Every structure is written in structure tokens, then in C-alpha cells.
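Please read these numbers as outputs of a predicted model, since none were measured by experiment. The analysis underlying the following values was restricted to heavy atoms, covering all of them including side chains, and did not include hydrogens, waters or symmetry mates. One-based numbering along the sequence shown.
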Amino acid sequence: AISPLESVSSAFDEQEEKKPSDVSAPTFLDVFTNIINNAVDANAQKQEDILQLALGETDNLEEIQANITKAEIATELLVTVKNSVVDAYNEIIRMSI
């Protein structure tokens, strides 16, 4: 029988409860959560840098350009991983039993 999908927040809550005390390999959920958090943090830093540049509060253009590039790469990675997951899901759906 196929069980209904749980909401994302409950999946994160259960993941935190199930973590063993010993060190183990990260799960896909851990990796995907880390990718999302990195993209969000990088884009937030990019927005802050752009605001500071517009207000004339910074002169460090090299760091701003590095942060913009970092945000673009993090977003591209997130989109690529998301597309791969969706493709894998669609492939599983098309499988016959």
C-alpha cells in the first residue's frame, strides 16, 4: 500500500529525532538541506552587499563580486540537484511493477 506523503516540516522533525548518537554518513535529506541553506545564506549575503554598495558603505568590490558569484553557483547547484531529484522521481513513477 502507498502511504501519503508527509509535510516537509514533519519530515525534518522526524529526521532530527532519529539521528543516532554515533557518527554516520549524512543522509540525502541532510545534504539537500545543506544545499538549500547555503543557497539562502549566499543570496542573503549578496543582497546585503548590493545594498551596502548602493548606499556607498563599502569599497570592497572584489569581495562583493566574489559573493555574487558564490550566490550564483549555489543557486545553480540547488536547481541542478532539484532537477535531478525530479527526474529520478519521474523515472521511478514510470517503472512498471
Closest approach of A71 and K46, non-hydrogen atoms and distance? CB-CD, 3.9 Å
Cluster check V40, V31: I/L/V/M/F/W/Y, side chain < 4.5 angstrom: yes
Side-chain donor-acceptor contact under 3.5 Å, T27 with D30: yes
Nearest-0.5 Å distance that lies between atom CD1 in I50 and atom CG in L55: 12.0 Å
Member of N60, I68, N67 meeting the side-chain contact (heavy atoms from CB on, under 4.5 Å) criterion with I64: I68
Which residues share a salt bridge (Lys or Arg N to Asp or Glu O under 4.0 Å) with E91, sequence neighbours left out: R94
How many angstroms lie between atom CG of N43 and atom CD of E48, to the nearest 0.5 angstrom? 13.0 Å
Atom CG of D59 with >12 non-hydrogen neighbours under 6.0 angstrom: no
Which pairs with one or both residues in residues 25-65 pass ring pair (Phe, Tyr, Trp, His ring centres under 6.0 Å), sequence neighbours excluded? F28-F32
Can you find a heavy atom in the side chain of D49 that is under 4.5 Å from one in the side chain of Q52? yes
One should read off an interatomic distance between I73 CD1 and L78 CG, to the nearest 0.5 angstrom, of 14.0 Å
Give, for atom CG of N38 and atom OG1 of T33, the distance between the pair rounded to the nearest 0.5 Å. 11.0 Å
With the 4.5 Å side-chain cut-off for hydrophobic clustering, are V85 and V79 part of the same group? no
Following the transitive rule for hydrophobic clusters with a side-chain heavy-atom cut-off under 4.5 Å over Ile, Leu, Val, Met, Phe, Trp and Tyr, establish whether I36 and L77 coincide in one cluster. yes
